[in-house]
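Scroll down for the structure; my scribbles are underneath it.
Chain letters run A, B, ... following the sequence lines, proteins first, then strands; residues in each count from 1.
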Amino acid sequence: MLRFQRPTGTQDILPEDQPYWEHVTACAVRLARQAGFERIDVPIFEATDLFARGIGTATDVVEKEMYTFTDKGGDSLTLRPEFTAGVVRAYIENGMHVRPQPVKLYSVGPVFRYDRPQAGRFRQFHQFNLEILGEQDPLADLEVMTVIWDLYATLGFRNLSFQLNSTGCPRCRPGYVEVLRDYYWRHREEVCDDCRRRMERNPLRVLDCKAEVCQPIIEAAPPILNHLCDECAEHFARLREYLDLLGRPYTLNHRLVRGLDYYTKTVFEVWAAGIGAQAAVCGGGRYDGLAEVLGGPPTPGVGVAAGIERIILAMKSQGIPVPPLPAPPVFLAHLGDAARREAVRLADALRQAGIGVWVAFGERGLKSQMREADKRGARFTVILGEDELARGVATVRDMAASGQIEIPLEELIPWLRERVGP
RNA sequence: GUGGGUGUGGCCUAAGGGUUAAGGCACCUGGUUGUGGCCCAGGAGAAUGUGGGUUCGAGUCCCACCAUCCACCCCA
């Protein structure tokens, strides 16, 4: 009977899964750097109010998914449910508006949401995050999209679906919301209870409703794209023009509205098949009003967050392979006290020389040590016994070829370095 | 927060209400002096999620709780 187990919705990422994590994050970081993004690390917890104001009090994330606690000083803190609010806070707090604009930042790490876990959904999960701050050019929108796009392509994905929409800005959205309200008012008897409530609190979200009865209503609803102001329409048109220029296929989805309040203009998600009902592997968009809401100078911004667990799930489901992590190529077996002392010295010298070594522990028979060498996947097993010691040599066995030769101890390092060296 | 499925060694699986809960994988040790994989032998490892109840008797039936999985909601 286990005394302790991991908290609900968390997971242990075991060694056998690490090749996926290593590969995904390494690819993501490489692509981000290549496009000029610099790394920023922000705290895992922040003032609760930062998220409440940044994400929006009417959102599910803030209403019911935050891990909030009071610390010993009486401050209300919250484990970050996303990166953007913290990154924008850091931009403001560190006066990054005086740097050459825009500032392009990436982050990787855990985020936390109190949800009921299910396939592809966890309470602690990990995101790879990109933000471009201080730039209103739709080229910035394009760039976060293409870096993410290239990440999926580099990883080897096929059949991903890019969903794109524009949700307007404070100038045009209120007008559209009115049009939508009128429309829903006329259909108030036909839509679900949730949507009647949504019309009051968070009108755009009705477009996202999955209820059967609402589907025909949504289909016939006035699309927001017909109600964008000139600026938003122009922005969206240029973004689409660039996407077409690059030949990046996407699906216009006028129902895509996103759960966070801060989005303006561009919103997008990428969906993957085969990972359960939670198909979104990333989501993002533009948030031109966020910096001001957080007390900073007016600063346009656009960003994206990719869920690493979901990427890995989708890779496994699609059978996408990842390179193995390097393990020590040399296993050092020893027999007897004197040989063990020499083995300790030798292992130290090999590692100093940059050669990875696994040294056998304990006093065991050679058979046992050979079995271990095999399981550890060593390319060479170096055997040091009394015999070898007396003659100043080591037996080196090539595990795959099943052949072995003796090498004088003083030649061992160069001999191995030549074959497995750094 | 709601609904459904599932809980037997580390993992997978067996046990028609009736002996000391069986097997496979993995793990460890041997199979002549110091040699891995295949094979063989042996070993260690579980009071069957927890607590009640029904019964002469419960891994098996009932209830509750917990955990987990899937789905709703929402999202990464």
Treat primed atoms plus P, OP1 and OP2 as sugar-phosphate and everything else as base, then score nucleotides 26-34 of chain B 5' to 3': B for base contact with protein heavy atoms under 4.0 Å, S for sugar-phosphate contact only, - for none. -SSBBB--B
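Nearest-nucleotide mapping onto RNA chain B: of Cys209(A) and Ala378(A), the residue sitting toward the 5' end is Ala378(A).
Rounded to whole Å, the P atom of C56(B) lies 43 Å from the corresponding atom of C25(B). Spacing between A26(B) and C11(B) at atom C1', rounded to whole Å, works out to 8 Å. For C38(B) and A76(B), the C1' atoms lie 46 Å apart once the distance is rounded to whole Å. Here the separation of A71(B) from U13(B), taken at their C1' atoms, is 27 Å to the nearest Å. Comparing the C1' positions of U32(B) and C27(B) gives an interatomic distance of 25 Å, to the nearest angstrom. When the P atom is used for both G16(B) and C72(B), the distance is 37 Å, rounded to whole Å. Taking the P atom of each, U33(B) and G24(B) are spaced 28 Å apart, rounded to whole Å. The P atoms of U50(B) and U8(B) are separated by 10 Å, rounded to the nearest whole Å.
Judged by the 6.0 Å and 45° rule, Arg188(A) forms a cation-pi pair with Trp185(A).
OP1 or OP2 of A76(B) has at least one side-chain nitrogen or oxygen of Arg258(A) nearer than 4.0 Å.
The neighbour count for Phe157(A) CZ, taken as heavy atoms of other residues, nucleotides or ligands under 6.0 Å away, is above 12. Atom CZ of Arg53(A) has 12 or fewer neighbouring heavy atoms from other residues, nucleotides or ligands inside a 6.0 Å radius.
The distance from atom CD of Gln369(A) to atom P of U35(B) is 11 Å, rounded to the nearest whole Å. Spacing between atom CZ of Arg379(A) and atom C1' of G36(B) amounts to 17 Å, rounded to whole angstrom units. For the pair Glu269(A) CD and A76(B) P, the interatomic distance rounds to 6 Å; values are reported in whole Å. If you measure from atom CG of Asp60(A) to atom P of C72(B), you get 14 Å, rounded to the nearest angstrom. As a whole-Å value, the separation of Arg123(A) CZ from G1(B) C1' is 11 Å. One atom, CG of Leu332(A), and another, P of U35(B), lie 18 Å apart when rounded to the nearest Å. Here G36(B) presents its P atom at 19 Å from CZ of Phe380(A), a figure rounded to the nearest Å. When rounded to the nearest whole Å, the span between CZ of Arg376(A) and C1' of U35(B) equals 18 Å.
Contacts of Glu22(A) classified as side-chain contact (heavy atoms from CB on, under 4.5 Å), with partners at least two apart in sequence or in another chain: Leu325(A). For Phe162(A), the ring pair (Phe, Tyr, Trp, His ring centres under 6.0 Å) test picks out Trp149(A), with sequence neighbours left out. Partners of Gln127(A) by side-chain hydrogen bond (donor to acceptor under 3.5 Å, both in side chains), not counting sequence neighbours: none found. Scored by the side-chain contact (heavy atoms from CB on, under 4.5 Å) test, Pro216(A) finds no partners at all (sequence neighbours excluded). Residues satisfying the ring pair (Phe, Tyr, Trp, His ring centres under 6.0 Å) test with Tyr287(A), not counting sequence neighbours, are Tyr262(A).
Using a 4.0 Å heavy-atom distance criterion, Arg113(A) is classed as a base contact. In this structure, Ala305(A) reaches the sugar-phosphate backbone alone: every heavy-atom distance under 4.0 Å involves primed, P, OP1 or OP2 atoms, never a base.
For the ring pair (Phe, Tyr, Trp, His ring centres under 6.0 Å) with His227(A), the lone residue among Phe236(A), Tyr183(A), Tyr176(A) that qualifies is Tyr176(A).
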Below 3.5 Å is the cut-off: list the nitrogen or oxygen pairs between protein and nucleotides 69-71 of chain B, distance only.
{"from": "C70(B)", "atom 1": "OP2", "to": "Ala119(A)", "atom 2": "N", "distance (Å)": "2.8"}
{"from": "A71(B)", "atom 1": "OP1", "to": "Ala277(A)", "atom 2": "N", "distance (Å)": "3.0"}
{"from": "A71(B)", "atom 1": "OP2", "to": "Gln118(A)", "atom 2": "NE2", "distance (Å)": "3.1"}
{"from": "A71(B)", "atom 1": "OP2", "to": "Ala119(A)", "atom 2": "N", "distance (Å)": "3.4"}

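A donor-acceptor contact under 3.5 Å links the side chain of Ser402(A) to the base of G36(B).
For A47(B), the base adopts the syn conformation, since its glycosidic angle falls within 90 degrees of zero.
Pairs of residues two or more places apart, or lying in two chains, that qualify as salt bridge (Lys or Arg N to Asp or Glu O under 4.0 Å) and include a residue from residues 114-124 of chain A are Asp115(A)-Arg121(A). Residue pairs meeting the side-chain hydrogen bond (donor to acceptor under 3.5 Å, both in side chains) criterion with at least one member in residues 388-399 of chain A, sequence neighbours excluded: Glu388(A)-Thr395(A), Arg391(A)-Glu406(A), Arg397(A)-Gln404(A). Legend: salt bridge (Lys or Arg N to Asp or Glu O under 4.0 Å) pairs involving residues 147-164 of chain A, not counting sequence neighbours, sorted by first then second residue: Asp150(A)-Arg248(A).
Of the candidates U35(B), A76(B), U68(B), the closest approach to any side-chain atom of Thr8(A) belongs to U68(B).
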Donor-acceptor pairs under 3.5 Å, side chain of residues 307-315 of chain A to any protein atom, not counting sequence neighbours: which ones?
{"from": "Glu309(A)", "atom 1": "OE1", "to": "His126(A)", "atom 2": "N", "distance (Å)": "2.9"}
{"from": "Glu309(A)", "atom 1": "OE2", "to": "Gln11(A)", "atom 2": "NE2", "distance (Å)": "3.2"}
{"from": "Glu309(A)", "atom 1": "OE2", "to": "His126(A)", "atom 2": "N", "distance (Å)": "3.3"}
{"from": "Glu309(A)", "atom 1": "OE2", "to": "His126(A)", "atom 2": "ND1", "distance (Å)": "2.7"}
{"from": "Arg310(A)", "atom 1": "NE", "to": "Gly120(A)", "atom 2": "O", "distance (Å)": "2.7"}
{"from": "Arg310(A)", "atom 1": "NH1", "to": "Ala280(A)", "atom 2": "O", "distance (Å)": "3.0"}
{"from": "Arg310(A)", "atom 1": "NH2", "to": "Gly120(A)", "atom 2": "O", "distance (Å)": "3.2"}

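Both key distances under 3.5 Å define a Watson-Crick or G-U pair, and stretches of 3 or more such consecutive pairs in RNA chain B run B:1-7 with B:66-72, B:10-13 with B:22-25, B:27-31 with B:39-43, B:49-53 with B:61-65.
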